Amino acid sequence: MIFLFSFSTLIYAHRENVTSNFTRFMQIVWCFVVLVLTSSYTAILTSMLTMQQLQPFKVSTDQLALLSLKSQIVSDPFQFLDESWSLATSICHWVGVTCGSRHKRVRFLNLSNMALTGVIPRELGNLTFLVSLDLGSNIFHGNFPQEMAHLHQLNSFSGEVPSWFWFLHQLQVLKLGNNSFTGSIPSSFSNMSTLETLNLKFNSIEGQIPKVIGNLRELNLRGNNVIGSIPLSLSNASRLETLEISYNSLQGNIPEGISNRHNMKVLSIQDNQLSGSIPFTILNISRIEVIAFSDNSLSGHCRHLILSLPENILIFF
């Protein structure tokens with residue numbers, strides 16, 4: 001009886017031990033399965049969250065173009081681009097950038113008067129929606145990449161203005177003043193029918209003023225090396241409001257017909273080599289605000305002219 005009890009106790013203990021080991025084994029397997037599932041879920045969740053976080057920072061063509069420009073800026077003393085041009089912010093909120101309301105593409109780029117120093121990257125030619133560009137009063141150097149011909153407008157850099165520049169037929173506003181441009185304005189300039197503002201003041205532009213200036217409202221060639229005479233065709237420039245061609249080497253007479261430009265607000269031709277008499281018909285320009293004829297070899301009774309003009313007009317004789 002004692003033997004049977006001992007044997008049965010041994011068998012039961014063995015079974016209990018086996019069951020206990022099996023239970024532990026199943027617990028280990030279950031823990032492993034739970035660990036795997038948890039890891040997989042965590043990985044998937046992390047991936048989803050990462051994608052959601054990165055989604056706002058999806059780099060667009062315009063962002064790449066402007067970031068390429070930023071990378072070529074060797075001096076940004078006021079940190080305009082350093083602090084603003086970041087993927088953490090929408091490109092439409094970057095300093096100097098204005099986007100179109102429909103496609104949210106860069107339409108206007110104005111980095112003027114920022115004291116930037118650098119060169120132009122070829123990637124900037126990908127700003128295919130650009131219609132207005134102003135990078136005046138900076139210190140840019142180097143050549144224009146050929147890719148810039150894809151744009152409606154260009155940048156401000158030293159070096160000769162490339163010939164293909166004047167075939168950007170959709171250009172509207174071009175301000176490249178206070179840089180180191182050389183070269184001349186070719187006759188093909190007249191094909192730029194959409195151009196309204198051409199500001200190349202204080203560069204080293206040579207040659208003559210084009211005989212046909214299209215639909216320009218502003219022509220500013222102040223402080224260059226322009227020669228020749230004032231084209232008679234300017235008398236037919238019906239939309240011209242600002243003619244600023246002071247501090248050049250222009251010769252000849254002031255076209256009499258220039259007074260027919262009733263939209264003219266600024267007529268500045270001082271410090272040239274102009275001769276002949278001052279056309280008193282400029283009194284017929286009803287909207288005139290600034291007249292500058294000084295430092296030429298002009299003749300005429302200026303006192304009579306001055307007394308005939310309204311007091312709010314700035315006059316330099």
Side-chain angles (χ1 to χ4, degrees), residues 120 133-137 140-146 148-149 151-237 239-255 257-258 261 264 266-276 292-293 295-298:
I120 183 73
L133 180 62
D134 187 353
L135 293 182
S137 299
F140 290 103
H141 57 276
N143 298 319
F144 285 97
Q146 184 66 37
M148 295 296 291
L151 295 184
H152 298 168
Q153 291 178 297
L154 289 177
N155 294 264
S156 52
F157 283 81
S158 62
E160 185 172 355
V161 179
S163 58
W164 48 261
F165 168 85
W166 305 107
F167 290 92
L168 302 175
H169 301 319
Q170 298 184 45
L171 189 65
Q172 294 180 12
V173 177
L174 180 62
K175 296 182 179 180
L176 303 173
N178 300 87
N179 283 281
S180 304
F181 276 119
T182 59
S184 59
I185 304 175
S187 58
S188 57
F189 162 77
S190 60
N191 296 325
M192 304 173 73
S193 58
T194 61
L195 188 66
E196 295 185 350
T197 298
L198 177 61
N199 188 331
L200 296 174
K201 67 179 181 179
F202 297 116
N203 281 281
S204 298
I205 300 298
E206 302 174 342
Q208 301 185 19
I209 300 174
K211 293 182 178 180
V212 179
I213 63 170
N215 294 315
L216 280 184
R217 293 181 181 273
E218 176 185 344
L219 176 60
N220 192 334
L221 300 176
R222 181 185 180 94
N224 281 280
N225 301 317
V226 179
I227 60 174
S229 60
I230 301 175
L232 294 174
S233 56
L234 287 184
S235 302
N236 300 319
R239 303 185 66 189
L240 191 63
E241 297 178 357
T242 297
L243 179 61
E244 170 56 274
I245 50 177
S246 300
Y247 300 98
N248 282 285
S249 299
L250 294 168
Q251 299 178 337
N253 300 326
I254 301 174
I258 206 167
R261 303 281 53 83
M264 186 83 71
V266 177
L267 178 58
S268 180
I269 56 177
Q270 64 185 353
D271 210 324
N272 279 284
Q273 301 169 22
L274 298 170
S275 56
F293 288 169
D295 295 316
N296 282 288
S297 300
L298 299 169

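Throughout, residue positions are numbered sequentially from 1 according to the sequence presented. Computed from a predicted structure; not experimentally measured. All values below were derived from every heavy atom in this structure, side-chain atoms included, with hydrogens, water molecules and symmetry-related copies excluded.
You'll find the side chain of S275 reaches within 4.5 Å of the side chain of N253, heavy atoms only. With contacts defined as side-chain heavy-atom distances shorter than 4.5 Å, the pair L240/M264 qualifies. Using a 4.5 Å heavy-atom threshold, the side chains of N296 and I254 count as separate.
The heavy-atom pair separating N224 from F202 by the smallest distance is ND2-N, 3.8 Å. For the residue pair P210 and P231, the shortest heavy atom distance occurs at O-CG, 3.6 Å.
Side-chain atoms of N225 do not come within 3.5 Å of backbone N or O of I227 as any donor-acceptor pair. In this structure a side-chain-to-backbone donor-acceptor pair under 3.5 Å is present from N272 to N248. Judged by distance alone, the side chain of D295 and the main-chain N or O of S246 form no donor-acceptor pair under 3.5 Å. At distances below 3.5 Å, not a single donor-acceptor pair connects side-chain atoms of N215 with backbone N or O atoms of E196.
Checking N220, I209, I213, L219 one by one against L243, the side-chain contact (heavy atoms from CB on, under 4.5 Å) holds for a single residue, L219.
The CD atom of Q251 lies 5.0 Å from the CD atom of Q273; values are rounded to the nearest 0.5 Å. Atom CG of L234 sits about 7.0 Å away from atom CD1 of I245, to the nearest 0.5 Å.
Taking the salt bridge (Lys or Arg N to Asp or Glu O under 4.0 Å) definition, one finds that E244 meets it with R222, sequence neighbours left out.
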